[in-house]
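Since the structure comes first, as structure tokens, the remarks are kept for the end.
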Amino acid sequence: MTDFSAEYQQLLDSVPAPANARMSETVVAYEHDGQPMEGFAVHDEAVAGPKAAVLVVHDWTGLREYPKARAHMLARLGYYAFCVDVYGTGRRFDNPQDAGAEAGKYYGDLELLRARVRAAYDEAVKSPAVDRDRIAVMGYCFGGSAALEFARTGAPLKGTVSFHGRLVTHEPADVAAITGSVLVLTGGADPVVPDSAVAAFQDELRTRDDLDWQVTTYAGAEHGYSIPGEVYHPTADRRSWRQFTDFLAEVL
């Protein structure tokens, strides 16, 4: 099992482990268009039968410790969690400059971003532990944007969730193919996603009358509010996690 640092172990421990859990975690090697990828899957083997699955998309630093901790939290709730690797094997970043440059490649090529999430989806559904009819995608910051972009492809999802993700709008509106429900959890003090960006994104969602969506804004929460560090906002983190897990229980 992954040995998490104290701050991430504290996050993980906020979700009690089932008494008879048998957690299985796997580093998953796969490819996209010749690029080696390295995902991460975790689930509780004590939960019988195929499980509802949640794809977890990392923030702009890549598939590091944080999304793996969140995946373990989901596994403790009975889900099959699969961490998406958007960047490729070994591409993990410690500083904002390098992370921003890497993320910028995908913001500048949304089709590639969508395809990288699709490659992870295609790999995840190969597992006999996954119920292919009950899949959701979620992500943090850059990963929230990636989750929303993947939903636009018409992938067969029950739900899509963005935690403090950049809200990319499209002209003309590009929401016709979205399946399932959409939940956006954003910070009220996020300079990357100001009120104007939230309003524009909601206006795009409104172009489809039958689309089920919800946007929740947390007062005082900055960009990255759920990630332990300088801008961590425990109240927003606690409330958004609760809203997220309630959403999963409803749609999956």
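This chain uses plain numbering: 1 for the first residue, then up along the sequence. For clarity, every value in this text was computed on a predicted model and none was experimentally measured.
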Whether Ser24 side chain and Glu45 backbone form a donor-acceptor pair below 3.5 Å: no
CA sep, side-chain torsions, deciding dist, call: Tyr140, Arg70, side-chain contact (heavy atoms from CB on, under 4.5 Å): CA-CA 10 Å; Tyr140 296 93; Arg70 293 294 188 181; 3.2 Å; yes
Side-chain (Ser127) to main-chain (Ala129) donor-acceptor, under 3.5 angstrom: yes
Parallel, tilted or perpendicular: rings of Tyr8 and Tyr66 (30°, 60°): tilted
same_hphob_cluster(Val28, Val125) at 4.5 Å side-chain heavy-atom cutoff: yes
Closest heavy-atom pair and its distance - Asp44, Lys51: O-CE, 3.0 Å
In one Ile/Leu/Val/Met/Phe/Trp/Tyr side-chain cluster, 4.5 Å: Phe150, Val86: yes
Derivation of the side-chain contact (heavy atoms from CB on, under 4.5 Å) call for Leu11 and Asp237: CA-CA 10 Å; Leu11 267 186; Asp237 178 32; 3.5 Å; yes
Name each donor-acceptor pair under 3.5 Å that joins a side chain in residues 174-192 to protein atoms two or more places apart or in another chain, with its distance.
from, atom 1, to, atom 2, distance (Å)
Asp174, OD2, Arg114, NH2, 2.8
Thr179, OG1, Ala155, O, 2.6
Thr179, OG1, Leu157, N, 3.0
Thr179, OG1, Leu157, O, 3.1
Ser181, OG, Asp212, OD2, 2.6
Asp190, OD1, Val192, N, 2.8
Asp190, OD1, Val193, N, 3.2
Asp190, OD1, His223, ND1, 3.3
Asp190, OD2, His223, ND1, 2.8

Side-chain H-bond candidate by donor/acceptor type, His170 with Glu149, under 3.5 Å: yes
Separation between CZ of Arg239 and OG of Ser226, rounded to the nearest 0.5 Å: 15.0 Å
Non-neighbouring partners of Glu222 that pass salt bridge (charged side-chain N to carboxylate O under 4.0 Å, His left out), sequence neighbours left out: none
4.5 Å side-chain heavy-atom contact, Pro16 and Arg76: no
Contact check, side chains of His32 and Leu112, non-hydrogen atoms, under 4.5 Å: yes
Test side-chain contact (heavy atoms from CB on, under 4.5 Å) applied to Tyr107 and Arg166, step by step: CA-CA 10 Å; Tyr107 281 125; Arg166 178 178 164 186; 3.3 Å; yes
Side-chain heavy-atom pair Tyr225, Ser240 within 4.5 angstrom cut-off: yes
Gln10 and Asp13, any side-chain heavy atoms less than 4.5 Å apart: no
Nearest atoms (heavy-atom pairs only) where Leu74 meets Phe244: CD2-CE2, 3.7 Å
Interatomic distance, Phe82 atom CZ to Leu55 atom CG [nearest 0.5 angstrom]: 7.5 Å
Please tabulate, for side-chain N and O atoms in residues 245-252, each donor-acceptor pair with protein atoms closer than 3.5 Å (sequence neighbours left out).
from, atom 1, to, atom 2, distance (Å)
Thr245, OG1, Trp241, O, 3.1
Thr245, OG1, Arg242, O, 3.1

Steps toward side-chain contact (heavy atoms from CB on, under 4.5 Å) verdict (Val137, Tyr121): CA-CA 9 Å; Val137 62; Tyr121 173 95; over 6 Å; no
Aromatic ring pairing Phe40/His72, orientation class (parallel under 30°, perpendicular over 60°, tilted between): tilted
Pair Ser145, Tyr106: side-chain N/O donor-acceptor within cut-off below 3.5 Å: no
Tyr87 and Phe93 aromatic ring geometry - parallel, tilted or perpendicular at 30°/60° bounds: perpendicular
Minimum side-chain heavy-atom gap Pro96-Trp60 below 4.5 Å: yes
Residue pair Trp213 / Arg206, side-chain heavy-atom distance below 4.5 Å: yes
Test: Asp94 and Arg64 ion pair at under 4.0 Å: yes
His58 side chain near Arg92 side chain, heavy-atom distance below 4.5 Å: no
Student check: side-chain heavy atoms of Leu63 and Lys68 closer than 4.5 Å: yes
Lys/Arg N to Asp/Glu carboxylate O, Asp33 vs Arg118, below 4.0 Å: no
Closest non-hydrogen atom pair between Pro67 and Cys83, with its separation: O-SG, 3.5 Å
Path from Val168 to Leu211 over hydrophobic side-chain contacts below 4.5 Å: no
From CG (Asp3) to CD (Gln9), nearest 0.5 Å: 7.5 Å
Cationic N near anionic O, under 4.0 Å, Arg91 to Asp98: no
